[in-house]
Amino acid sequence: MTAPEPLPTGPVPGGPGVPVPEHGAWLRRGISRDGGPLIEDSEVVWLQAGPYYADSRGFAGTTSFNGSQVHFHHLTGEPGEDTGSFRREGANLVEWGTNPDGSTFLEVWTPLAGADGVTGSWSGPDHHVVRVGRHVVHVDSRTGTYWRL
């Protein structure tokens, strides 16, 4: 995989960012923090089912799009809100933005096979579950857990 050049936080140069797909299962292929090199690390899965998402790092909630940036509103798990812009790079999504602590990031997300089929989002006291096809992420106040069915 060729590492994309890190881009500044904010609107996509030459135009607005794209919204997150309405339905998707994504595997993080790499992350760059504060302009550093793109590093492939542990398995991180993000599922999106309509406005609801769950991230295996331990946060879940809703997304909104303002025409250039996506806001990940954390409602379960790790508190906060992430803001990022997305661009398509082939089948991948490249995201760059700002964490709640002000640090910056660039992440490369690759679609996971097996995302067709049942999609939904369920929540209850202290937990949130999102399913996209064969992929499920459960988030509670302690952790995020990913399963492939």
Side-chain angles (χ1 to χ4, degrees), residues 1-10 12 17-65 69-124 126-149:
M1 168 176 63
T2 303
E5 290 296 313
L7 295 174
T9 303
V12 177
V18 298
V20 295
E22 182 82 13
H23 165 120
W26 302 89
L27 175 66
R28 186 172 76 184
R29 298 308 251 180
I31 184 167
S32 166
R33 297 180 192 281
D34 294 319
L38 189 70
I39 299 170
E40 293 186 38
D41 61 350
S42 62
E43 182 176 86
V44 174
V45 173
W46 154 44
L47 303 180
Q48 187 76 35
Y52 301 100
Y53 77 92
D55 188 301
S56 65
R57 289 173 283 185
F59 49 93
T62 61
T63 57
S64 62
F65 181 64
Q69 293 184 311
V70 175
H71 298 272
F72 289 86
H73 311 281
H74 300 206
L75 302 176
T76 304
E78 180 182 311
E81 179 174 311
D82 298 311
T83 301
S85 293
F86 285 84
R87 74 171 188 261
R88 290 206 172 269
E89 201 168 90
N92 294 336
L93 283 174
V94 177
E95 175 188 12
W96 67 98
T98 306
N99 291 307
D101 67 2
S103 62
T104 62
F105 64 89
L106 178 138
E107 295 174 303
V108 177
W109 297 94
T110 300
L112 286 167
D116 296 331
V118 176
T119 299
S121 173
W122 302 268
S123 61
D126 190 38
H127 73 277
H128 195 103
V129 178
V130 173
R131 178 177 178 181
V132 176
R134 298 185 65 185
H135 307 281
V136 177
V137 172
H138 172 274
V139 174
D140 59 33
S141 63
R142 295 175 310 281
T143 191
T145 306
Y146 165 68
W147 294 283
R148 181 176 169 97
L149 306 175

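All figures in this text were calculated on a predicted structure; none of them were measured in a lab.
- By the 4.5 Å heavy-atom criterion applied to side chains, Pro21 and Arg88 are counted as neighbours.
- The two residues Pro19 and Val70 have their closest heavy-atom pair at CA-CG2, 4.3 Å.
- Nearest approach of Gly133 to Leu149, heavy atoms of both residues: O-CD1, 4.5 Å.
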For the pair Arg131 and Trp122, evaluate side chain to side chain contact (heavy atoms under 4.5 Å, CB included) and give the outcome as yes or no after the intermediate values.
CA-CA 9 Å; Arg131 178 177 178 181; Trp122 302 268; 3.7 Å; yes
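- The two residues Ala25 and Leu47 have their closest heavy-atom pair at CB-CD2, 3.5 Å.
- Atom-to-atom distance recorded for Thr76:OG1 and Tyr52:OH is 11.0 Å, nearest 0.5 angstrom.
- Between Gln48 and Thr63 there is a side-chain heavy-atom pair separated by less than 4.5 Å.
- Atom CZ of Arg57 has more than 12 heavy atoms from other residues, nucleotides or ligands within 6.0 Å.
- Atom CD1 of residue Ile39 and atom CD of residue Glu107 lie 12.0 Å apart, to the nearest 0.5 angstrom.
- Using a 4.5 Å heavy-atom threshold, the side chains of Ser32 and Phe105 count as separate.
- Glu89 contributes no side-chain N or O that, together with a main-chain N or O of Ala91, makes up a donor-acceptor pair within less than 3.5 Å.
- Nearest approach of Thr104 to Gly35, heavy atoms of both residues: OG1-N, 4.1 Å.
- Thr110 and Asn92 get closest at one heavy-atom pair: OG1-OD1, 3.1 Å.
- Taking CD from Glu78 and CG from Asp55, the interatomic distance works out to 9.0 Å, rounded to the nearest 0.5 Å.
- Each of Glu43, His135, His138 was scored for a side-chain hydrogen bond (donor to acceptor under 3.5 Å, both in side chains) with Tyr146, with one residue passing: His135.
- The structure places CG of Leu106 at 11.5 Å from CG of Asp34, a figure rounded to the nearest 0.5 Å.
- Rounded to the nearest 0.5 Å, atoms NE2 (His23) and CG (Asp116) are 6.0 Å apart.
- Between His74 and Phe59, the angle of the ring planes stays under 30°, which puts this pair in the parallel group of the 30/60° scheme.
- Using a 4.5 Å heavy-atom cutoff, the side chains of Arg87 and Trp96 are in contact.
- Taking each heavy atom of Arg148 and Ala113 in turn, the nearest pair found is NH1-O, 3.1 Å.
- Here the two rings, on Trp26 and Phe86, have centers that are 6.0 Å apart or farther.
- Contact check for Arg33 versus Ser103: no side-chain heavy atoms found under the 4.5 Å cut-off.
- Using a distance-only test at 3.5 Å, with no hydrogens or angles considered, a donor-acceptor pair links the side chain of Asp126 to the main chain of Ser141.
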